[in-house]
Amino acid sequence: MQENELAMQKALAQKSYIQIEKRFLGLKTNITYQPTHSPVYSVYLEYDPQEGAFVQRILFAKASEIPSLCTHKIKATVNGKFRLYLCASKDRNFAALQLSVYEDFSFKPVGEIRFVIGDEARKILQILM
């Protein structure tokens, strides 16, 4: 498990609306967004410098600015300079996002993990996926 996956799992465990269950002798982890009982999945998305900078702008924006920023689909790439670690509920009512940038031969977090729920989560997920 990568360092940012451990950090994300610890951060998710602190949220009252997230349930984490270990199964099969601790080898499998099921994460659920409790208000809607929706399973949570995780994915890595990589971006070129231009799209990565835009993702960074979205992640640091105030909630009131999200609708005006989420106007076009962001295109992921292979082997990008930016890497987004994303955990989202299947019903798109919850997301946890952390952006990293490739520097000095490794990915380093750009900021803290951002947690979004409801309309804000749906708008962000719509342009990312």
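In this text the structure is predicted, and so the values were computed from the model without any measurement.
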Counting N and O atoms only, with roles assigned by atom type, does the side chain of [X] sit under 3.5 Å from a partner on the main chain of [Y], one being a donor and the other an acceptor?
| X | Y | result |
| --- | --- | --- |
| Ser89 | Val40 | no |
| Glu51 | Lys75 | yes |
| Glu46 | Asn79 | yes |
| Arg83 | Lys108 | no |
| Arg57 | Leu69 | no |

Reported [atom1]-to-[atom2] distance for the pair [X] and [Y], which is rounded to 0.5 angstrom:
| X | Y | atom1 | atom2 | value |
| --- | --- | --- | --- | --- |
| Thr32 | Ile18 | OG1 | CD1 | 8.0 Å |
| Gln98 | Met8 | CD | CE | 6.0 Å |
| Gln14 | Ile20 | CD | CD1 | 9.5 Å |
| Ile66 | Glu120 | CD1 | CD | 5.0 Å |
| Leu97 | Ile58 | CG | CD1 | 9.5 Å |
| Cys70 | Arg122 | SG | CZ | 12.5 Å |

Evaluation steps, side-chain hydrogen bond (donor to acceptor under 3.5 Å, both in side chains), between Asp91 and Thr36: CA-CA 8 Å; Asp91 65 4; Thr36 60; 2.6 Å; yes
Looking only at heavy atoms, the pair that brings Gln56 and Val110 closest together is NE2-CG1, 3.2 Å
- Task: State, to 0.1 Å, how close Leu99 and Gly52 come at their nearest heavy-atom pair, and which atoms those are.
- Result: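 Minimum heavy-atom separation between Leu99 and Gly52: CD2-O, 3.8 Å.
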If hydrophobic clusters are built from ILVMFWY residues whose side chains come within less than 4.5 Å, do [X] and [Y] share one?
| X | Y | value |
| --- | --- | --- |
| Leu125 | Val55 | yes |
| Leu128 | Tyr41 | yes |
| Tyr102 | Leu86 | no |
| Val43 | Ile113 | no |
| Ile124 | Tyr17 | no |

TODO: Assess whether side chain to side chain contact (heavy atoms under 4.5 Å, CB included) is satisfied between Leu84 and Leu59, documenting all intermediate values.
DONE: CA-CA 10 Å; Leu84 179 68; Leu59 295 183; 3.9 Å; yes
(Q) Quick check on Glu65: does its CD atom have over 12 non-hydrogen neighbours (other residues, nucleotides or ligands) under 6.0 Å away? (A)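 Yes - once you tally the heavy atoms of other residues, nucleotides and ligands closer than 6.0 Å, there are more than 12.
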>> Counting neighbours of CD on Gln50 that are heavy atoms of other residues, nucleotides or ligands and sit closer than 6.0 Å, is the number greater than 12?
In response: no
**Message:** Could you walk me through whether Ile117 and Phe115 satisfy the side chain to side chain contact (heavy atoms under 4.5 Å, CB included) test, starting with their C-alpha distance in whole Å, then the side-chain angles of each, then the deciding distance to 0.1 Å, before giving a yes or no?
**Reply:** CA-CA 7 Å; Ile117 58 173; Phe115 295 93; over 6 Å; no
Would you please indicate yes or no on a ring centroid separation below 6.0 angstrom for Phe94 and Tyr33?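 Yes.
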- Item | side chain to side chain contact (heavy atoms under 4.5 Å, CB included) evaluation trace for Met129 with Arg92 | CA-CA 11 Å; Met129 305 185 77; Arg92 296 183 173 220; 3.9 Å; yes
Are any of the side-chain heavy atoms of Leu12 and Cys87 separated by less than 4.5 Å?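 A side-chain contact under 4.5 Å exists here.
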Identified ring pair (Phe, Tyr, Trp, His ring centres under 6.0 Å) counterpart of Tyr44 within the set Phe107, Phe82, Tyr85
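Filter result, single survivor: Tyr85.
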Set out, in order, the CA-CA distance, both residues' side-chain angles and the distance that settles salt bridge (Lys or Arg N to Asp or Glu O under 4.0 Å) for Glu5 and Lys10, then state yes or no. CA-CA 9 Å; Glu5 291 176 11; Lys10 285 181 185 177; over 6 Å; no
| request: Determine, stepwise, if the pair Asp48 / Lys81 fulfils side chain to side chain contact (heavy atoms under 4.5 Å, CB included). | output: CA-CA 6 Å; Asp48 64 29; Lys81 179 178 173 77; over 6 Å; no
